[in-house]
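Have a look at the structure below before the remarks.
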There are 2 protein chains.
Amino acid sequence: MNNKCEKCIVKKFTGLQALTSDQLKCISDGKITRTFKKGDVIFDEGDHLKGIYCVRFGIAKLSKLSTNGKDQIIKFVSNGEVLGQRSVIAQEPANLRAVAVNDMDSCFIPKKLILDNLQNNTSFTLELLQNLAHELKEADDVIVNISQKPVKNRIAETLLHLENSFGVDSEGFMIIQLSREDISNIVGTATESCIRMLSELKKEKLIETSGKRIKIINRNILQKLGEGINN
Amino acid sequence: MNNKCEKCIVKKFTGLQALTSDQLKCISDGKITRTFKKGDVIFDEGDHLKGIYCVRFGIAKLSKLSTNGKDQIIKFVSNGEVLGQRSVIAQEPANLRAVAVNDMDSCFIPKKLILDNLQNNTSFTLELLQNLAHELKEADDVIVNISQKPVKNRIAETLLHLENSFGVDSEGFMIIQLSREDISNIVGTATESCIRMLSELKKEKLIETSGKRIKIINRNILQKLGEGINN
DNA sequence: ATAGATTAATGATGTTTGTCATATATAAAT
DNA sequence: ATTTATATATGACAAACATCATTAATCTAT
């Protein structure tokens, strides 16, 4: 569905730098791959990352533990997108925890290679810059939404966003399957509140559910809700 | 107080690129300066920026209008820091609005010069990359705080952060003076709620106020509040 | 210095959201 | 297949927060 491998940063810089280093060649041949099972911690807050992960297949969630014990989900990363680049670029410990939402295949790119390329490969660096610029915009938008919209509206928006990012199966159910707790940790609310709102959306015939599976029925009204329009 | 001009990105790249272009020289001589008065809009959401602003003196706030009519403040920018780089780098319209909190002097750097340097000046590009990486971390932290901590705790944290960023005068009052509405737009709450919480903090002898001026008295307890510890 | 406008403060009240308790459904393990 | 654990659902209630109304204080302009 969402096969963005042509956007994968690995391809970008293998193509651009014409394989000057052995390491680079090694990676482009796909030799350093890492697989994770659903629930595996890819890296944790405070970890010193030895490289970045390019997701070949699967979905990871990035989250951060709050002092109140809740684990706020910041964003999801999937096919062709990259995990851990901020920490490696800034040469700082990871600010977020990365956990596999599904079974996951990734390509591991050692830190050294990244840092070498930062020095020598302008196209690569510019690509990263665009990446961070985009992430920053998204983060700012999340700040506005989360602080100013009520829970129900945030859930509506989250559902649309998840459907849009990861697609639906043949029956129209969203591919990504999250626990109610995960959803509540995206919108920043109590799990019970999240469940209640989903029930409401169900009663209002905007969504359907079947276990963890969620199907969006009335995209229009959900959209309006997401934009903060309540009736 | 907070004279970070040695960190100013202008100095960074004038120093590093040894003034190869006339434009560059012109800027480093401080010829293209722009001043703003308190309340002036430097740029607005959706504007196509023709360059970035390096703040020489003063403070600007970056905010974004929510669908509920509230103007969420995302961050402040002051001496030696840069405004508008994300939009120029990404070559996108501004995602945020920038308004002068004080009278403000800035150095305007035309877009063309930035983009040229992105192609040719690795050190400059790396500097920007570090910048964005840092901003992204800060934005992620804000997401966690704003979604998981109660208003009072967020206000405590905000006050400490503002004092820390902009310093205090000889009497110990914070240099930056914001309206109650501005503070409420940082923490994402109603103005009245914000005022009530400030009154509470005053009763608890954690802060003192005199008009818009705020002085922090008990830094320790405020710090604990900011960390989410409520007694 | 005074009038008018804006901002701050506080009370009363209603809404939203969180917490705790408990029931039901679903998944996992033996 | 049956038990055990875990996730989902819902009710009852409490806490946090928003909204509206009103008064007090501060700022601005003449």
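Computed from a predicted structure; not experimentally measured. Reminder, nothing fancy here: chain letters follow the sequence lines and each chain counts from 1. Because only heavy atoms are used, hydrogens play no part in the values below, and waters and symmetry mates are left out as well, while side chains stay in.
Computed from coordinates, the A:Ile195 CD1 to D:dA12 C1' distance equals 16 Å when rounded to whole Å. Rounded to a whole Å, the CD atom of A:Gln177 is 15 Å from the P atom of D:dA7. B:Ile207 places its CD1 atom 13 Å from the P atom of C:dA8, with the value rounded to the nearest Å. Taking atom CD of residue B:Gln148 and atom P of nucleotide C:dT17, one finds them 14 Å apart after rounding to whole Å.
Here A:Glu135 does not pair with A:Arg86 in a salt bridge; the nearest charged N to carboxylate O distance is not below 4.0 Å. With respect to the salt-bridge test (charged N to carboxylate O, under 4.0 angstrom), the residues B:Asp47 and B:Arg97 do not qualify.
Considering only side-chain atoms of A:Glu192, the nucleotide from C:dT10, C:dC20, D:dT8 that sits closest is C:dC20. Each of D:dT8, C:dT19, C:dT17 was ranked by its minimum atom distance to the side chain of A:Ala190; first place goes to C:dT19. You'll find that the side chain of A:Ser199 is closest to D:dA9, out of C:dA8, C:dA9, D:dA9.
Among the heavy atoms of the strands lying under 4.0 Å from A:Lys202 are primed sugar atoms or P, OP1, OP2 only; no base atom is included. When heavy atoms are screened at a 4.0 angstrom cut-off, B:Thr189 is found touching the sugar-phosphate backbone but no base atom.
Under 3.5 Å, the side chain of A:Arg180 and the base of D:dT6 form no donor-acceptor pair of N or O atoms. One can find a donor-acceptor pair under 3.5 Å joining the base of D:dT19 and the side-chain atoms of B:Arg196.
The backbone N or O of B:Val187 sits less than 3.5 Å from a side-chain atom of B:Arg154, completing a donor-acceptor pair.
Comparing A:Lys212 and A:Ser193 by the nucleotide of DNA chain C that holds the closest heavy atom to each, the one mapping nearer the 5' end is A:Ser193.
Close to C:dT17, at under 4.0 Å from its OP1 or OP2, lies no side-chain N or O of A:Lys152.
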Residues B:Asp182, B:Lys61; criterion salt bridge (charged side-chain N to carboxylate O under 4.0 Å, His left out); working and verdict: CA-CA 9 Å; B:Asp182 270 348; B:Lys61 62 177 176 186; 2.9 Å; yes
